[in-house]
Amino acid sequence: MNSTDTIDSAALFFEPQREAVVAGALVTRIVEACDVDSARPLLFTASGGGFQLDDCYLYSDDANGIELWDTPIPNRKKELLEALRSGAITSISFNVPLQAAMCRSEWRFNFYVHPGFGRIYWGTLASPKAKRELLLESFEIASRFFDVRYGFAYSMPLRDEPDCYAYGSPRLNFAGLRQWLTMRSTGADAPLAADECWRRELEGPKRHLTGLFRDAYPLNVVSSAHVRRAALESAGIGSLEQLDESRWLWEIDEEYLSDASAYLAKNQSLVRQYYT
């Protein structure tokens, strides 16, 4: 990965669903938001309904598949829609490659939802659509289907794998590999990196749904539990905008992010503080 393109990202989190089924209406809404043309096809992977998560397919009204990166990619839109109607899809991701992409990980649009894990990610090539608009649109769509409890928006170069960052997954770039090798070489008792703390929280206690923060971001979707725990209404950092009865948008100017992070740490409200 050598792309220097900047990606705006929104990550949202909700209580994992026992009946982990992706709604067809959610897929329809996301597809409508894609920037797709003949040079930028819409690709997808899915689990459930006869789909294998590691396989890549074309989502198109055209009957034929395509070939990308010396690999044939069949068109399975029809089968996907049938599986969605029958409630068989348990997770799905869509992406649109960059026009000059050398592989699927070089994308301009990426969306992923896994109801069983309680996660949604939406990333798009940075454009006049600001992170604020992206996060609010993501929240508006997701809230129709899930009880979103926490989320944040951020920007980073595509080469730094912003989709992996959302979940604390190991990244394949040099910095991520070096960090992983350092952790392996120093043993299990070494302090965990912040990303690893976040990954373990998502897979374990899930206290981000009940008041803990990953960190302070320029844009944060928080629940009433987060507002109470960190006393955000009286913090004097950033601004709070109520989105509905129990969820808020906490917006912080970039220059005050370090102050906001320190404030959360003082209130013992950061996930990483519970892994040291």
> What's the shortest heavy-atom distance between E254 and P218, and which atoms?
Replying inline: OE2-CG, 3.3 Å

>> Assess the residue pair L68 and L43 against the criterion (side chain to side chain contact (heavy atoms under 4.5 Å, CB included)); give the C-alpha distance rounded to whole Å, side-chain angles, the decisive distance to 0.1 Å, and a yes or no.
In response: CA-CA 11 Å; L68 286 175; L43 309 178; 4.1 Å; yes

> So do the side chains of R214 and D195 get within less than 4.5 Å of each other, counting heavy atoms only?
Replying inline: yes

>> Quick one, W250 with Y263, criterion ring-ring contact (aromatic ring centres under 6.0 Å, His included). Give me CA distance, side-chain angles, the key distance, then yes/no.
In response: CA-CA 14 Å; W250 185 28; Y263 174 81; 7.5 Å; no

> Any donor-acceptor pair under 3.5 Å linking the side chain of Q17 with the backbone of E15?
Replying inline: yes

> So how far is it from Y274 OH to S269 OG, rounded to the nearest 0.5 Å?
Replying inline: 6.5 Å

>> Treating N75 as the side-chain partner and S60 as the backbone partner, does any N or O pair qualify as donor plus acceptor under 3.5 Å?
In response: yes

>> Among I92, I89, L12, V27, exactly one meets side-chain contact (heavy atoms from CB on, under 4.5 Å) together with V113. Which residue is that?
In response: I92

> Cationic tip of R247 within the cone over F139's six-membered ring, i.e. under 6.0 Å and within 45° of the normal?
Replying inline: no

>> What verdict does the salt bridge (charged side-chain N to carboxylate O under 4.0 Å, His left out) test give for D259 and K266, after you've listed the backbone C-alpha separation in whole Å, the side-chain angles of each residue and the deciding distance to 0.1 Å?
In response: CA-CA 10 Å; D259 292 340; K266 182 179 179 180; over 6 Å; no

>> Donor-acceptor check, side chain of T71 to backbone of W69, threshold 3.5 angstrom: yes or no?
In response: yes

>> Would a single hydrophobic cluster contain both F145 and F94, if residues Ile, Leu, Val, Met, Phe, Trp and Tyr are joined by side-chain heavy-atom contacts under 4.5 Å?
In response: yes

> Under the 3.5 angstrom rule, does the side chain of S261 hit a backbone N or O of L257 as a donor-acceptor pair?
Replying inline: no

>> Quick check: closest heavy atoms across K77 and F44, and the distance to 0.1 Å?
In response: N-CE2, 4.4 Å

> Does D61 CG have over 12 foreign heavy atoms under 6.0 Å away?
Replying inline: no

>> Between R229 and F213, does the side chain to side chain contact (heavy atoms under 4.5 Å, CB included) criterion hold? Intermediate values first, please.
In response: CA-CA 10 Å; R229 182 186 182 99; F213 298 72; 5.5 Å; no

> Counting only heavy atoms not in Y256, do more than 12 fall under 6.0 Å of its OH?
Replying inline: no

> Looking at side-chain heavy atoms only, is the closest gap between F111 and V96 below 4.5 Å?
Replying inline: no

>> Using 0.5 Å steps for rounding, measure from the CD atom of E161 to the OG atom of S9.
In response: 12.0 Å

> Taking it one step at a time, do D55 and Y57 satisfy side-chain hydrogen bond (donor to acceptor under 3.5 Å, both in side chains)?
Replying inline: CA-CA 7 Å; D55 293 336; Y57 305 105; 3.3 Å; yes

>> Please determine whether ring-ring contact (aromatic ring centres under 6.0 Å, His included) holds for the pair F117 and Y167, giving the CA-CA distance in whole Å, both sets of side-chain angles, and the decisive distance to 0.1 Å.
In response: CA-CA 11 Å; F117 289 168; Y167 311 120; 8.9 Å; no

> Do you reckon L136 sits in the same ILVMFWY cluster as I30, going by side-chain contacts under 4.5 Å, direct or chained?
Replying inline: yes

> What's the shortest heavy-atom distance between E245 and S224, and which atoms?
Replying inline: O-OG, 4.0 Å

> How many angstroms lie between SG in C164 and OH in Y121, if you round to the nearest 0.5 Å?
Replying inline: 9.0 Å

>> Assess the residue pair S91 and S47 against the criterion (side-chain hydrogen bond (donor to acceptor under 3.5 Å, both in side chains)); give the C-alpha distance rounded to whole Å, side-chain angles, the decisive distance to 0.1 Å, and a yes or no.
In response: CA-CA 5 Å; S91 71; S47 59; 2.6 Å; yes

>> I'd like to know if L134 and V31 are part of one continuous hydrophobic network [Ile/Leu/Val/Met/Phe/Trp/Tyr, side-chain heavy atoms within less than 4.5 Å].
In response: yes

> Are any of the side-chain heavy atoms of L232 and W248 separated by less than 4.5 Å?
Replying inline: no

> Counting only heavy atoms not in E140, do more than 12 fall under 6.0 Å of its CD?
Replying inline: yes

> Is any side-chain N of the basic residue among R132 and D8 closer than 4.0 Å to the acidic one's carboxylate O?
Replying inline: no

> Less than 4.0 Å between a side-chain N and a carboxylate O, is that true for R272 and D215?
Replying inline: yes

>> Membership question, hydrophobic clusters at under 4.5 Å side-chain separation (ILVMFWY): are Y112 and L125 in the same one?
In response: yes

> What are the two closest non-hydrogen atoms of T90 and H114, and how far apart are they?
Replying inline: O-ND1, 3.9 Å

>> Tell me the closest heavy-atom pair linking T45 and C56, and the distance in Å.
In response: CG2-CA, 4.0 Å

> Using the ring of each side chain (for Trp, its six-membered ring), is Y150 parallel, tilted or perpendicular to H226, with breaks at 30° and 60°?
Replying inline: parallel

> Closest approach of A166 and F152, non-hydrogen atoms and distance?
Replying inline: O-CZ, 4.2 Å

>> Using 0.5 Å steps for rounding, measure from the OG1 atom of T4 to the CG atom of D160.
In response: 11.0 Å

> To the nearest 0.5 Å, how far apart are CE in M156 and CG in D163?
Replying inline: 9.5 Å

> Is it true that a side-chain atom of E196 and a backbone atom of A193 form a donor plus acceptor pair closer than 3.5 Å?
Replying inline: no

> For the residue pair Y154 and Y217, does the interplanar ring angle fall in the parallel (under 30°), tilted (30 to 60°) or perpendicular (over 60°) class?
Replying inline: tilted

> Are the side chain of E201 and the backbone of R207 linked by a donor-acceptor contact shorter than 3.5 Å?
Replying inline: yes

>> Between K206 and F13, is the side chain to side chain contact (heavy atoms under 4.5 Å, CB included) condition met? List the steps.
In response: CA-CA 10 Å; K206 298 177 177 58; F13 303 90; over 6 Å; no

>> So for atom CD, which belongs to E19, do other residues, nucleotides or ligands contribute more than 12 heavy atoms lying within a distance under 6.0 Å?
In response: no

> Should I252 and V271 be regarded as members of a common hydrophobic cluster, given that ILVMFWY residues are connected when their side-chain heavy atoms come within less than 4.5 Å of each other, either directly or indirectly?
Replying inline: yes

> Looking at CG of L240 and CD of E233, how far apart are the two atoms once the value is rounded to the nearest 0.5 Å?
Replying inline: 6.5 Å

> Yes or no on side chain to side chain contact (heavy atoms under 4.5 Å, CB included) for I120 and V148, after CA distance, side-chain angles and deciding distance?
Replying inline: CA-CA 10 Å; I120 283 181; V148 175; 6.0 Å; no

